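Worksheet: the structure to be examined is printed underneath.
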Number of protein chains: 2
Amino acid sequence: MANIYQVAERAGVSLATVSRVINGKSKVAQRTKDRVEIAMQELGYRPNSIAQSLASATSNRVGILVSVLDGPFFSNMLASIETTLRDAGKHVIITAGHSDEAKEKEAIEFLISCRCDALILCIDSISDDYLIELSDRNVQFAVINHQIPQIAERCFIVDNEQGGYLATKSAIDKGHKQIGYISGPSYKEDARLRLRGHQRALEEAGIEFDADYVYCGDYHDSSGEAGFDYLQSLDKSCTAIVCGNDDMATGVIFAARRAGINMPQQLSVIGFDDLIFARYTYPSLTSVENPISDMGTMAAFWILQTVYKQSTGNKIENLFKTRVVVRDSLSEPIFINDM
Amino acid sequence: MANIYQVAERAGVSLATVSRVINGKSKVAQRTKDRVEIAMQELGYRPNSIAQSLASATSNRVGILVSVLDGPFFSNMLASIETTLRDAGKHVIITAGHSDEAKEKEAIEFLISCRCDALILCIDSISDDYLIELSDRNVQFAVINHQIPQIAERCFIVDNEQGGYLATKSAIDKGHKQIGYISGPSYKEDARLRLRGHQRALEEAGIEFDADYVYCGDYHDSSGEAGFDYLQSLDKSCTAIVCGNDDMATGVIFAARRAGINMPQQLSVIGFDDLIFARYTYPSLTSVENPISDMGTMAAFWILQTVYKQSTGNKIENLFKTRVVVRDSLSEPIFINDM
DNA sequence: TTGAAAGCGGTACCAT
DNA sequence: ATGGTACCGCTTTCAA
């Protein structure tokens, strides 16, 4: 493949001039420019991005770390990040961290050794301290789904408290009063915030919060099943169960069906994340939309502006609001029908 | 960050020697090697992969093109490709083609302009001719899910005919005799092959094939619903419906439930691909496993061996067998219970 | 076994 | 506006 020298020679100009027309920044006479462009055409010239990177000390690579590649959660986000960055001429290198601290660190080091100009990190095992250290090392990165006060401007998060609030409020608005909650693990901040939102919705409606009606799960469907069994064992049975994520909600649906409970008439179920399969469950799952994909796009914009100094014309938002996507699993509680 | 000169200086050797210990190929005296390694340690040296690429004319990048990034179909495959290649020190650049010929070509050109050493292509709109031309241009690539006779050794495909056969055979084995089939679009080779497998299973069981009981869909769930309606309108109603993919199978399940049909007692449904949501449908979907992830890994091995001349010790297989994953949507037909 | 030096294909500064 | 040229950090002959 032709290189810049051959283009220069054919166009009868110096390679510096060819470089100028490639980058389009500095002024080149229209005539010269045309000659160069024709020469590039004729030789089928394509700038060697590797040489460009070496000479400019900018790799034009953005590294992405997600905890799992093979799940429904991040794929939309990856798609939107890829689109945004490729349109800006950046290459995306994707790695998976497998929710393991050592592997996540290793993946980050891999991305750094790839000479990525910036990283987008969706981590769940790495400590805040490590990330702060990373920022002290002048590594440019954005964090998704994790709030770190010291580097708040590069964190992009969903309003988990609001999401938890909306989920429970949507049940209350339907007339539910006895509402169980299955939470994610309490060491996770998002789980705590979603639960707090749940509490706020109850209080606002004048329903007393009873900690007995909260089961602490682990975000996996099996804990949804266990949570359902637990909530069933209580004195007053719930007419609705709000879950910290969709996986646990499907666990509830499985367990409830196994227990012969009619959904949604006897039990409403609400999830969180609105994953792709929410519409395939039976009944289809009402869930809080997690705008993970928008957050990815925003992180990409932030990098384009902050790292590459490109003005994308987008205002950077760090906090993303949620909304409830209503499907069949939410309805009025049965005692209303009885009236 | 330190460069190779600084390491050489600190170790008191030439940069050529440092290069040798980095690459570990040529002979270096143990003493010298130790000195260099200590120097690298002390300076926290990491070879600049961009400079390595430029000097060696090997980018160590592998480009991946999938039709959609934001779906469940490719994510497992991406995960396994990423793992395999990263272990081999290669960088993975991922792009999406969005099932559009122009975009797919554009993505391929993008990957080529990234100087990828090799590509893994999961395409569905690009013509064979273009790929053959690509191979004539000496672009190194593997193709997944698409058989092209002229370049068969670089194509990795699932045995669609066998999959279609197994799907229908599993229904026959349960006692079904009136089996409807909802096919993917006939211009797609995989759809034709799956249908052919269906026919073979019928013939083998002595069941006459009746083209009236085949509905030609488009691989989307809406055509599954339409296909169900069509099959219901026929004289003899089916006790089982085999579908060309899982999306159409979920369409069948939706439509059948809407029609008040009890599954699986009155109707068994079988899909193809065994996507992640197959276990979330109700009843959970029996499906033919599509070893897309294994194919990705194999394509990666092929590239490692063919392009990078690394012997991975893996025997390259181009054709992948399927198996049926049995879940609740398949059972004996009701007339057996009646006997 | 080791070193010297010529690239790899660009960028960017300094002249003109 | 254009050209000359010194890098960028490494690989890879060729000699010693």
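So you know, we letter chains A, B, ... as the sequences are listed, proteins then strands, and number each from 1. On a predicted model such as this, the values are computed, not experimentally measured, just so you know. Any value given below was found using the heavy atoms of this structure, including those in side chains, with hydrogens, waters and symmetry copies removed.
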Practice item. Name every residue in residues 30-62 of chain A that has at least one heavy atom under 4.0 Å from any atom of DNA chain D, in order of residue number, or write none if there are no such residues. Key: T32(A), L54(A), A55(A)
Revision key, fill the gap. Those residues at least two apart in sequence (or on a different chain) that pass salt bridge (charged side-chain N to carboxylate O under 4.0 Å, His left out) with K315(A) are E317(A)
**Study point:** Listed partners of D159(B) passing salt bridge (charged side-chain N to carboxylate O under 4.0 Å, His left out), at least two apart
**Key:** K321(B)
Study note, to complete from the structure: Those residues at least two apart in sequence (or on a different chain) that pass salt bridge (charged side-chain N to carboxylate O under 4.0 Å, His left out) with E42(A) are R10(A)
Please tabulate, one pair per line, all N/O donor-acceptor pairs under 3.5 Å involving side-chain atoms of residues 141-150 of chain B, not counting sequence neighbours.
from	atom 1	to	atom 2	distance (Å)
H146(B)	NE2	D128(B)	OD1	3.1

Study note, to complete from the structure: Applying ring-ring contact (aromatic ring centres under 6.0 Å, His included) to F110(B) and not counting sequence neighbours gives H91(A)
Point to revise | Whole-Å gap separating P (dC7(D)) and OH (Y5(B)) | key: 10 Å
Review point. Residues in salt bridge (charged side-chain N to carboxylate O under 4.0 Å, His left out) with E104(A), at least two apart?
Key: none
Practice item. Indicate yes or no: at least one non-hydrogen side-chain atom of S135(A) is less than 4.5 angstrom from one of R154(A). Key: yes
Check your understanding: What closest approach, in Å, do N318(B) and F320(B) show between heavy atoms, and which atom pair accounts for it?
Key -> O-CD1, 3.9 Å
Revision key, fill the gap. Ring pair (Phe, Tyr, Trp, His ring centres under 6.0 Å) pairs touching residues 44-88 of chain B, sequence neighbours excluded, are none
Practice item. Without swapping roles, check the side chain of S80(A) against the backbone of S293(A) for a donor-acceptor pair under 3.5 Å. Key: yes
Check your understanding: Tell me, which of residues 7-21 of chain B have any heavy atom that sits under 4.0 Å from an atom in DNA chain D?
Key -> A16(B), S19(B), R20(B)
**Study point:** Inter-axis angle, terminal five-pair segments of the helix from dT1(C)-dA16(D) to dT16(C)-dA1(D) [nearest 10°]
**Key:** 30°
Check your understanding: Got a sec, which residues hit side-chain contact (heavy atoms from CB on, under 4.5 Å) with I112(B), two or more places apart in sequence or on another chain?
Key -> R46(A), I108(B), E109(B), L119(B), L134(B), R137(B), V139(B)
Check your understanding: Atom CD of Q6(B) to atom P of dC8(D): distance rounded to whole Å?
Key -> 10 Å
Practice item. Report the distance from atom CD1 of I22(B) to atom C1' of dT12(D), rounded to the nearest whole Å. Key: 13 Å
Check your understanding: Is it the case that K90(A) places NZ or CZ above or below the six-membered ring of Y308(A), under 6.0 angstrom from the centre and within 45 degrees of the axis?
Key -> yes
**Study point:** Which residue lies more 5' along DNA chain C, comparing R115(B) with A29(B) via nearest heavy atoms
**Key:** A29(B)
**Study point:** Opening and closing nucleotides of DNA chain C in contact with chain B, under 4.0 Å to non-hydrogen atoms
**Key:** dT1(C) to dG9(C)
Practice item. Please round to the nearest 0.5 Å and tell me the distance separating atom OG of S53(A) and atom CZ of R115(A). Key: 11.5 Å
